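Each ligand, and each atom within it, is numbered from 1 in the order the structure gives. Keep in mind it's a predicted model, so treat the numbers as computed, not measured. Just the heavy atoms: all of them, side chains too, but no hydrogens, waters or symmetry mates, feed the values below.
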Amino acid sequence: MSALEMSPTTGVVVTGGGSGIGRACARALAEVGRPVSLWDLNGEGAAEAAASIAADCGVIAHSLGLDVTDGAAVADAVAAAREALGGIGGLVHAAGIVTAMDIDHLTEEIWDSVLKVNLRAEVFVAKALLGDLRSHEGSAIVGIGSIMSVVGNPLIPSYTASKHGVVGVTKSLANHLGPDGIRVNAVCPGYIDTPMTALMMDDPPSKAVCVEKAPLRRVGTPEDIAKAVRFLMSDEAGFVTGTTLIVDGGVTSHD
Ligand code: NDP
């Protein structure tokens with residue numbers, strides 16, 4: 001049995017589990033025997049993903065349709081997931097949105113909505129899960145950042161701020177929760193082929209730019225990110241906390 005398979009067997013909440021990177025993370029964790037609860041605004045997508053994960057991996061895969069920025073809905077979801085999974089020892093925050101609006105056109109509403117989902121929700125979902133995470137050995141949190149956690153993009157100041165924030169929050173929470181044995185890390189994806197990037201990926205010239213920027217000369221798959229997340233959630237990463245793993249095919253390795 002590999003060390004990944006010997007990792008904690010406690011359940012994991014995956015926000016954004018109904019699509020793209022979150023969905024692949026839920027499947028990757030289920031493949032090593034971890035029950036998963038997929039939370040997504042798109043409840044239908046989450047239910048469909050959970051059904052296929054349960055059928056293929058033989059673990060409990062639970063789903064809920066909710067807005068992860070809604071505190072009352074999150075509290076109910078924690079209780080439902082705890083009951084369905086029989087214990088929660090992990091969180092992957094992959095729910096996210098992007099709204100392209102440079103500062104000339106940016107509104108307070110857009111700024112707040114992006115920060116709320118991408119950054120604030122990671123903190124308050126984690127807070128709602130603290131009792132569960134503290135009561136299981138080997139608990140871990142992974143937040144999904146972006147290459148916009150380390151560089152800036154003029155068209156998406158709100159997204160860039162939210163993703164830089166994920167890195168800061170990772171370090172702060174890791175410091176506070178480390179003594180309780182809870183590790184907190186971030187994974188920063190490069191250009192990944194998901195519904196979020198469909199407009200770019202379905203446009204050959206735009207996709208070619210993404211490929212050209214990556215020394216590995218391809219865009220990433222959701223599974224590329226899920227493998228890194230699974231590592232950070234596992235005991236293989238037992239001494240890794242407060243850090244950021246960039247998984248971008250090398251996009252941010254050059255000017
Ligand atoms: P997707 O759009 O495929 O998946 C995101 C999911 O999150 C969707 O199902 C979406 O639902 C859901 N969601 C959005 N808002 C909420 C909310 N308030 N409550 C619950 N669920 C919500 O995107 P990706 O898989 O590509 O993105 C996942 C994460 O990875 C995001 O944080 C993104 O910023 C990050 N990322 C993605 C990259 C890429 O190239 N794809 C690159 C770098 C980072 P709905 O569709 O109904 O809105």
Inset, instruction - Pick whichever of Asp70, Asp40, Ile21 has a heavy atom sitting closest to atom 11 (O) of ligand 1. - result: Asp40

Inset, instruction - Could you tell me if any non-hydrogen atom of Thr15 lies under 4.0 Å from any atom of ligand 1? - result: no

Inset, instruction - Name the option, out of Leu38, Ile147, Leu41, that contains the heavy atom nearest to atom 21 (N) of ligand 1. - result: Leu41

Inset, instruction - Could you check atom 32 (O) of ligand 1 against the protein and tell me its nearest heavy-atom contact, residue, atom and distance included? - result: Lys163 NZ, 2.8 Å

Legend entry - Protein contact to atom 30 (O) of ligand 1 [nearest heavy atom, distance to 0.1 Å]: Ile144 CG2, 3.3 Å

Legend entry - 4.0 Å heavy-atom contact, Leu66 with ligand 1: yes

Legend entry - From the candidates Lys116, Met201, Met196, the one that places a heavy atom nearest atom 23 (O) of ligand 1: Met196

Inset, instruction - Mark the output for Val117 as yes if a heavy-atom distance to ligand 1 is under 4.0 Å, and as no if none is. - result: yes

Inset, instruction - For Val98 and ligand 1, answer yes if some heavy atom of the residue is under 4.0 Å from a ligand atom, otherwise no. - result: no

Inset, instruction - Determine whether any heavy atom of Trp39 lies closer than 4.0 Å to an atom of ligand 1. - result: no

Legend entry - Within-cut-off N or O pair, Ser146 and ligand 1, under 3.5 Å: no

Legend entry - Heavy-atom gap Ala94 to ligand 1 smaller than 4.0 Å: yes

